[in-house]
Each structure stands twice: as C-alpha cells, then as structure tokens.
Amino acid sequence: MFLNSLLANTEDIITYISIGAIALLAVILVVICVTNKKFDTKSIAYAAVCLATSFALSFIKVSPVTYGGSITLASFVPVLIYAYAFGAVRGFIVGLVFGVLNFISGPWFLTPMTFILDYLLAFTMIGLMGFARKFTKSLTANVILGTALVYVARLVMHLFAGMIYFDMGEIFTDLPQTNAFVYSFLYQIIYIVPDAIIA
C-alpha cells in the first residue's frame, strides 16, 4: 500500500515538475525574446522547425540499456545544425527546450540533481556547437569537432547522473557502490557513443 501511494506521488511530482518546467521555460523565452535583439522571427522560426524535427526523430530509437538511454535516428542533428548556424546562446536555449521536451515525453529521474543533469544540462550542451564555427577554416572539421564536443559534454552530465543512480542502488542493487563511476561510464557509452557516431 505504501509503495502504491509512493508511485502515485511520484507521478504527481513528475506532472508538477513538467508543468513548472514548461511555465518557467515559457517565461524565460518571452523575457529573452523581448530583451535580446538577437532573437528575431527568423531565428525563432528555425528553432521551432529544428526542435520539432529533433523531437520527432527522438521517437525513432533503440534502447540497448534499461532505465533510460537510447540510440536515436540522429535526433541531435537538427538542433546541432541550428546551434552551429545561430550561435551558442541560441543553441543553449534550444538545447534546454529539447531537454524539457525529452523529459515530458519520457520522464525518468531519481533526485532533483539527476533531473538537472540528465535533462537540463545534458541537452543544453547542444549550445557548445555554436562555438565550433571558430575551430578551424574547414566546415567539415568544425562540424565533426563540434559534434564530438557536444557529445563528450553530454556524456559527462549523464555520467554524473548515472553515478548517483548506481551509488543509490537504483539500477542494479547487487553492484558494489564503490564502483559507481565505472558502472556509470560503461552504461553511458553503450548508447551515447553509437548515437554520436550516427549524428
């Protein structure tokens, strides 16, 4: 009975967090668009198209690991293109929105910190692609290096979140907690590396 009430409360908590995240995101976007001249109609329209495409592609996936983590059909590519074309600031915002959308479509978190790491910070790293234009004079090299940078930063965020999961015994109860880093690293590279190669 306690477990059923806990699960019901967890669903309520997820619902409240989702609603709060959407509301906060809407307020942030309105403030940014009103106060920052960089956000014109063109950049907002491109952001919407890239987000919609990325979100749709995120549903075409294979999940080689349980409890989250999946290999998608290049779901990061449209938002990476956006960040590369429109710069880091707009890329960070689009990444944040993409992370919230991913949370709403399939929420899975253990603590507020894992929510921040897995959904907000990991996806916000998409904005790093905005710096890739300055790496070299070669477009191809910049895109490859920028994509690698984004995925390495994403891996780090998921790695820390995974360490929390493994340390608390939430994924596999019989694993020694002292090896949470190793387990999390192995768990994350199973799906992040193939997803990065596809991108």
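Residue numbers run from 1 in the order of the sequence given. In what follows, every heavy atom counts, from backbone to side chain, and hydrogens, waters and symmetry copies are set aside.
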Among the clusters formed by ILVMFWY side chains lying less than 4.5 Å apart, do L57 and V97 turn up in the same one? no
For the CG atom of L80 and the CG atom of L128, what is their distance to the nearest 0.5 Å? 10.0 Å
Between V143 and M129, is any pair of side-chain heavy atoms under 4.5 Å apart? yes
Hey, is the main chain of T72 close enough, under 3.5 Å, to the side chain of S70 for a donor-acceptor pair? no
Would a single hydrophobic cluster contain both L145 and I198, if residues Ile, Leu, Val, Met, Phe, Trp and Tyr are joined by side-chain heavy-atom contacts under 4.5 Å? yes
Which value, rounded to the nearest 0.5 Å, describes the distance between I144 atom CD1 and L149 atom CG? 13.5 Å
State, to 0.1 Å, how close T147 and A199 come at their nearest heavy-atom pair, and which atoms those are. CG2-CB, 4.2 Å
What ring-ring contact (aromatic ring centres under 6.0 Å, His included) pairs are there with at least one residue in residues 140-162, not counting sequence neighbours? F76-Y151
Assigning hydrophobic clusters by single linkage (Ile, Leu, Val, Met, Phe, Trp, Tyr; side-chain heavy-atom cutoff under 4.5 Å), is V152 placed with L159? no
Stepwise, does the side chain to side chain contact (heavy atoms under 4.5 Å, CB included) test hold for N142 with Y84? CA-CA 9 Å; N142 288 346; Y84 188 85; 3.6 Å; yes
Please list, chain by chain and in numerical order, all residues satisfying side-chain contact (heavy atoms from CB on, under 4.5 Å) with Y46, sequence neighbours excluded. K42, Y82, F86
Ignoring hydrogens and angles, tell me if any N or O in the side chain of S54 forms a donor-acceptor pair with the backbone of S75 under 3.5 Å. yes
Given side chain to side chain contact (heavy atoms under 4.5 Å, CB included), test F123 with V100 step by step and report yes or no. CA-CA 9 Å; F123 286 90; V100 171; over 6 Å; no
Taking all non-hydrogen atoms of both residues, which atom of G127 and which atom of A83 are closest, and how far apart? CA-CB, 4.5 Å
Would you mind reporting whether C50 and F98 have side-chain heavy atoms less than 4.5 Å apart? no
Mind checking the CG-CD1 spacing from L51 to I44? Nearest 0.5 Å is all I need. 12.0 Å
Just wondering, more than 12 heavy atoms not from F55 lying within 6.0 Å of its CZ? yes
Check whether any side-chain heavy atom of T53 sits under 4.5 Å from a side-chain heavy atom of V79, and report yes or no. no
Single-linkage hydrophobic cluster M113~F115, side-chain heavy atoms < 4.5 angstrom: yes
Check: F181 main-chain N/O paired with S184 side-chain donor or acceptor under 3.5 Å: no
Shortest non-hydrogen pair, I71 vs P194, comes out as CD1-CB, 3.6 Å
The side-chain contact (heavy atoms from CB on, under 4.5 Å) partners of L96 (sequence neighbours excluded) come to L25, L120, T124
Minimum heavy-atom distance Q188-G162, with the two atoms named: NE2-CA, 3.8 Å
Looking at every non-hydrogen atom in both residues, tell me the closest pair between Y187 and Y191 and how far apart they are. O-CD2, 3.6 Å
Verify whether the ring centers belonging to F131 and F135 lie closer than 6.0 Å. no
What heavy-atom pair brings A47 and V94 nearest, and what distance separates the two atoms? CB-CG2, 3.8 Å
Enter the distance from L155:CG to I192:CD1 here, rounded to the nearest 0.5 Å. 4.5 Å
Is there a continuous path of hydrophobic side-chain contacts, each under 4.5 Å between heavy atoms, that joins F92 to V156? yes
Using side-chain heavy atoms (C-beta onward) and a distance below 4.5 Å, is K61 in contact with L73? no
Could D195 and R154 be called an ion pair, given the rule that one side-chain N must be under 4.0 Å from one carboxylate O? yes
